[in-house]
Amino acid sequence: MSGPGKSDRLLVKVEALHKSYGDLQVLKNVNVEVPRGRSVVVIGPSGSGKSTLLRCLNLLEPIDSGIITFDGQDTAPLRKAAHALRREIGMVFQNFELFQHLSAIENIILAPMKVLGMSEEEARARARKLLEKVHIPEKADVFPDELSGGQQQRVAIARALAMSPKLMLYDEPTSALDPEMIKEVLDVMLELSQEGMTSVVVTHEMGFARRAAHHIVFMDGGEVVEDAATEQFFTGAVHPRTQRFLQQILR
Ligand SMILES: Nc1ncnc2c1ncn2[C@@H]1O[C@H](COP(=O)(O)OP(=O)(O)OP(=O)(O)O)[C@@H](O)[C@H]1O
Ligand SMILES: [Mg+2]
């Protein structure tokens with residue numbers, strides 16, 4: 001029934017996803033596809049369910065109904081061993097969430113050593129490459145409180161990449177940053193996307209969305225109101241609710 005899957009065009013497929021917190025329906029019949037090697041940007045007003053969707057993708061939240069397929073496999077039977085799947089998915093949050101008592105490089109080598117059993121030597125060599133990739137090789141031994149927000153977020157990205165994830169999830173990765181640091185983080189994300197890293201990005205940065213996204217999903221009130229290829233989204237007919245939202249954020 002499940003087929004080989006590996007050659008499937010889609011890395012993630014969400015079908016008819018429903019999720020409630022008590023009486024509050026937070027996701028209503030959500031359908032989203034993430035092709036391998038592509039970035040999908042999710043936008044929408046506060047409370048529309050964007051973060052909840054990411055947490056469901058990461059198996060951090062139980063779902064009420066629907067199917068989430070990851071890398072050709074239905075994730076429902078995997079939920080009991082969710083940590084195995086979660087290590088294939090990197091997650092980057094608004095507030096970085098680095099370990100404050102560890103240096104940049106120690107943040108990056110921790111999971112590969114503990115979870116993957118990598119030797120410290122190999123983990124450090126890979127971490128140095130990742131710090132180069134996020135353009136702060138000189139910050140390896142610096143602690144988070146001596147890094148700017150933009151640098152901390154790039155360490156967080158490197159830390160996620162250290163597990164060689166198949167998918168990266170970003171939840172408003174630049175919204176806690178001062179304006180002058182936003183670009184350095186988006187540039188790294190754009191480079192990763194251009195290298196073929198599959199990702200789902202919740203962001204209000206429409207310039208980034210336009211350059212990096214394969215398609216754009218607009219959510220409102222727990223529903224996917226619009227899901228269109230990026231150029232079509234920005235130039236073509238969009239739903240009145242989408243237009244209203246875009247007018248607000250593009251002000
Ligand atoms: N753990 C929870 N328990 C109860 N309600 C929750 C929980 N998490 C989220 N919600 C509610 O679910 C709805 C969707 O929240 P979610 O965080 O997914 O929205 P969002 O689109 O990410 O919003 P924002 O742009 O503000 O981050 C909101 O009404 C929120 O209050
Ligand atoms: Mg959110």
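Start at 1 and go down the list; that is how both ligands and their atoms are numbered.
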Q: Indicate yes or no: does D64 engage K19 in a salt bridge with an N to O separation below 4.0 Å.
A: no
Q | Shortest protein contact, atom 23 (O) of ligand 1 (heavy atom only) | A | G47 N, 2.8 Å
Q) Is there a donor-acceptor pair under 3.5 Å between the side chain of R36 and the backbone N or O of T198? A) no
(Q) Only heavy atoms of R55, strictly under 4.0 Å: list the atoms of ligand 1 that pass. (A) 8 (N)
(Q) Strictly distance-based, threshold 3.5 Å: is any side-chain N or O of S119 a donor or acceptor partner for the main-chain N or O of E122? (A) yes
Q: Indicate, as side chain, backbone, both or neither, the part of T52 found under 4.0 angstrom from ligand 1 when only non-hydrogen atoms are considered.
A: both
Q) P45: heavy atom below 4.0 Å from ligand 1, yes or no? A) yes
**Q.** Any E61 heavy atom less than 4.0 Å to ligand 1
**A.** no
Q. For ligand 1, does L53 get within less than 4.0 Å through its side chain, its backbone, both, or neither, judged by non-hydrogen atoms?
A. neither
Q: Using a 4.0 Å heavy-atom threshold (strictly under), name the region of Q25 that reaches ligand 1: side chain, backbone, both or neither.
A: neither
Q. What residue and atom, counting heavy atoms only, is the protein's closest point to atom 25 (O) of ligand 1, and at what distance?
A. K50 NZ, 2.7 Å
Q.
Checking a contact table here: which protein heavy atom is nearest atom 29 (O) of ligand 1, and how many Å away?
A. L24 CD2, 3.6 Å
(Q) Between K133 and E195 (salt bridge meaning N to carboxylate O under 4.0 Å), is one present in this structure? (A) yes
Q | Donor-acceptor contact below 3.5 Å, side chain R87 vs main chain M163 | A | no
Q: Say whether G44, considering both its backbone and side-chain N or O atoms, lies within less than 3.5 Å of an N or O atom on ligand 1.
A: no
Q | Backbone N/O of F99 and side chain of N107: donor-acceptor pair under 3.5 Å | A | yes
Q.
At a cut-off of 2.8 Å, what protein N/O/S atoms sit near the Mg ion (ligand 2)?
A. S51 OG
Q: Distance to 0.1 Å, residue and atom name: give those for the protein heavy atom nearest to atom 1 (N) of ligand 1.
A: Y21 CE2, 3.6 Å
Q. Salt bridge check: are E226 and R241 linked by an N-O gap of less than 4.0 Å?
A. no
Q | Side-chain (S199) to main-chain (S39) donor-acceptor, under 3.5 angstrom | A | no
Q) Does R154 count as lying over the ring of F96, i.e. NZ or CZ under 6.0 Å from the six-ring centre, within 45 degrees of the axis? A) no
Q: Could you tell me whether E172 approaches ligand 1 through its side chain, its backbone, both or neither, with non-hydrogen atoms closer than 4.0 Å?
A: side chain
(Q) Could you check whether D171 pairs with K50 (Lys NZ or Arg NE/NH1/NH2 to Asp/Glu carboxylate O, under 4.0 Å)? (A) no
